[in-house]
There are 2 protein chains.
Amino acid sequence: MANKPVTIKDIAEKLNISVSTVSRALKNNPEISLQTREAVQKLAKELKYQPNPLAVALKTQKSNTIGVVVPQIVSSFYASVVKGIEQVADEFGYQVFVSSSNEKMEKEEKNVNGFLNMRMDGIILSLSRATSTYDHIHKIQDMGVPMVLFDRTSKELEVSKVVADDAAAAHAAVTHLIEGGAKRIAFLTGPEYMLFGRNRMRGYKKALKEKGMEIDETLISRCDFTVEDAKNASLELLKRSNRPDAFFAINDELAIGAMTAAKELGLKIPDEVAVVGFSNSRRSRYMEPSMSTMDQNPKQVGREAAKLLFDQMEDKPGAKDVKEVVVHADLLVRTSSER
Amino acid sequence: MANKPVTIKDIAEKLNISVSTVSRALKNNPEISLQTREAVQKLAKELKYQPNPLAVALKTQKSNTIGVVVPQIVSSFYASVVKGIEQVADEFGYQVFVSSSNEKMEKEEKNVNGFLNMRMDGIILSLSRATSTYDHIHKIQDMGVPMVLFDRTSKELEVSKVVADDAAAAHAAVTHLIEGGAKRIAFLTGPEYMLFGRNRMRGYKKALKEKGMEIDETLISRCDFTVEDAKNASLELLKRSNRPDAFFAINDELAIGAMTAAKELGLKIPDEVAVVGFSNSRRSRYMEPSMSTMDQNPKQVGREAAKLLFDQMEDKPGAKDVKEVVVHADLLVRTSSER
DNA sequence: GTGAAAGCGCTAACAT
DNA sequence: ATGTTAGCGCTTTCAC
């Protein structure tokens, strides 16, 4: 038990050569004779040599790791973003460490400091809901550590970002509904302070205007992000004499609530009531096959963020410029026949 | 920009003392005069000195970090377990790194190797669904790295574990139902290969027997872990002439499905149909206030696992013994009036 | 083509 | 009470 990890020195001794030769041979340095290179590599394989990343990092001052801080780990949106990040990090040979701020600024600061301490080579971050000051963010910049923000960003920060175009996505969704024949489209949204909700409302209104439809404020319903709440709100709308013939909901729960309400009233979906919601979620399994959704492309968000980061880390020309990439959501149209 | 991190050497130079003195002063070593100790600590604060964990780990051969591998990160059960782990790790001054195997054995091995490489001091792991060989697990043991398994474990492995007593929990839930007056309790379960499903079935049957009730196999329904499936299965049961007056479901989705079915048929809950499900989930927001649930205590699972791990790491007497702790689920009884 | 030596930042004998 | 030294595992000049 307690097998000591094998070091470069062990290899050197067994082969009666110096550690520097081993080090070079391991990285296939052509200055070393093919013969010794092969001998070293063979032995390394046999001994299952694994370089000690701590020593490498200490020496080279880079850890080949990046850190990502998300507001919550229990969210398929962020989980998918992380997957996207991992994909491209993998291509670049980097390890990814993830931590969650749980929507607390304090935890976010702790995570950032931890990452900085661990000498991570770059940081990808989405601001927690509670984050109000940016000292920890500035600290990252002060230390010259590459960083990119995604999803929850701030205009006050001069950093590269990748965001979703919420308004455009909403616009596309609502346009789809209109072109499908909807005349009265209800808009289900959440608390007013949610930025993406406001943006999606913009897109909703814009689409209506473009099609020459009037905006009926009574069709705009605000409720909590729970299925229950959304269902009640939807029921209320649907029981009116002049009921909506379509719902556009800004997230999963709300869409499910609307659907549930429609079904409870025996209305056929999508013929009598069409529903389009946003999704990024396993929870879409709760959704009906007849419901179209906007896919937020979270994985793409992750990939773009990582790309931006690696651009900076590789010191490409102009890489230090502040960039902003917008990831568009895809409209997934599902027709009943699809099932 | 690019503020170099301050080192112990910087402090030593500014104070014209040696690095070892600084090192000692920083850890409040009483061998150092109070005077210099204070001077050092003051300067360290001013300069915002942060020890380089890489250097410390390289030197001391311990990284003060532990790694945890979970099958999936998008699961509130595992998320809560991690929280529990983080709590006690924090008390011990350890950092926690989490990675997900996504139910793939390959990724699990990769994660484990990564952790081992990073010289983490201990590993807490829950086996992925796909894990069939245990070389990577044995490697951890070979290297003498403390480890504890939780939730998804294997009898083939001689390691400390913390598990839930699924049978006992099911037993408690079903007993609760019986004592509430239920006469015909349906059992909603998932695919046969799921171990916890089999265990919960044992508890279900045992509870029935204890109360002198006969086991009606037609009340046992197997379906996929989706709300849709569970709803259909429940509808079928509820439409029989001799319908069940209660459901015991082995997870969230199934419980929700049962509830949905009951509601759709206009049956009152819990008066006409009582439902008890397991939960560990935010998804419980989908649940009705009238539904009682078994809380799996995931956080406690995490805490116990971490405790077991730190016991090993501190080389307490007998700590290397293989231990097994069982975490019991709590029955959360909800009555309608509670809301 | 290979080796010796220095050093990354820190700790811990071992002096003094 | 403090300094000197060695060394953790590795990379990288600089010699030869």
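Letters A, B, ... are given to chains in the order of the sequence lines, protein chains preceding strands, and every chain is numbered from 1.
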J.: Taking for each residue the nucleotide of DNA chain D with the nearest heavy atom, is it B:K59 or B:S18 whose nucleotide lies nearer the 5' end?
T.: B:S18
J.: Can you tell if the side chain of A:L34 reaches within under 4.5 Å of the side chain of A:E38, non-hydrogen atoms only?
T.: yes
J.: So, is B:T21 near the phosphate of D:dG3, with a side-chain N or O under 4.0 Å from OP1 or OP2?
T.: yes
J.: When the distance from CD1 of A:I32 to P of D:dT12 is rounded to whole Å, what number comes out?
T.: 13 Å
J.: Establish, from distance only, whether the side-chain atoms of A:E304 and A:Q300 form a donor-acceptor pair under 3.5 Å.
T.: yes
J.: Are A:K139 and A:E109 close enough for a salt bridge, meaning some N to O gap below 4.0 Å?
T.: no
J.: Once you round it to whole Å, what is the distance between C1' of D:dT11 and CG of B:L54?
T.: 15 Å
J.: Specify the separation, in whole Å, of atom NZ of B:K9 and atom P of C:dA6.
T.: 14 Å
J.: Rounded at 0.5 Å granularity, tell me how far CD1 in A:I124 sits from CG in A:L309.
T.: 5.0 Å
J.: Got a sec? Which of residues 23-31 of chain B come in under 4.0 Å of DNA chain C, heavy atoms?
T.: B:S23, B:R24, B:K27
J.: Does the side chain of A:Q61 get closer than 4.0 angstrom to OP1 or OP2 of C:dG7 through an N or O atom?
T.: no
J.: For B:L58 and C:dC8, give me the distance from atom CG to atom P, rounded to whole Å.
T.: 13 Å
J.: In whole Å, what is the span from the CG atom of A:N64 to the P atom of D:dC10?
T.: 15 Å
J.: Should the pair B:E46-B:K42 be classified as a salt bridge under the 4.0 Å nitrogen-to-oxygen rule?
T.: yes
J.: Answer yes if the side chains of B:Y49 and B:D10 hold a donor-acceptor pair under 3.5 Å, and no otherwise.
T.: no
J.: Would you indicate which nucleotide in D:dT11, C:dT11, D:dC10 comes nearest to any side-chain atom of A:A55?
T.: D:dC10
J.: Indicate, with a heavy-atom threshold strictly under 4.0 Å, whether A:I17 touches base, sugar-phosphate, or nothing.
T.: sugar-phosphate
J.: Return the value, rounded to whole Å, for the distance between atom NZ of A:K62 and atom P of D:dC10.
T.: 17 Å
J.: Where along residues 33-45 of chain A does a heavy atom fall under 4.0 Å from DNA chain C?
T.: A:S33, A:T36
J.: With rounding to the nearest 0.5 angstrom, report the CE to NZ distance, A:M313 to A:K62.
T.: 6.0 Å
J.: When you compare the side chain of B:K83 with that of A:N102, does any pair of heavy atoms fall below 4.5 Å?
T.: yes
J.: To the nearest 0.5 Å, what is the distance between OG1 on A:T133 and CD on A:E156?
T.: 10.5 Å
J.: In whole angstrom, what separates A:I11's CD1 from C:dT2's P?
T.: 15 Å
J.: Rounded to the Å, how far apart are B:N16 CG and D:dT4 P?
T.: 12 Å
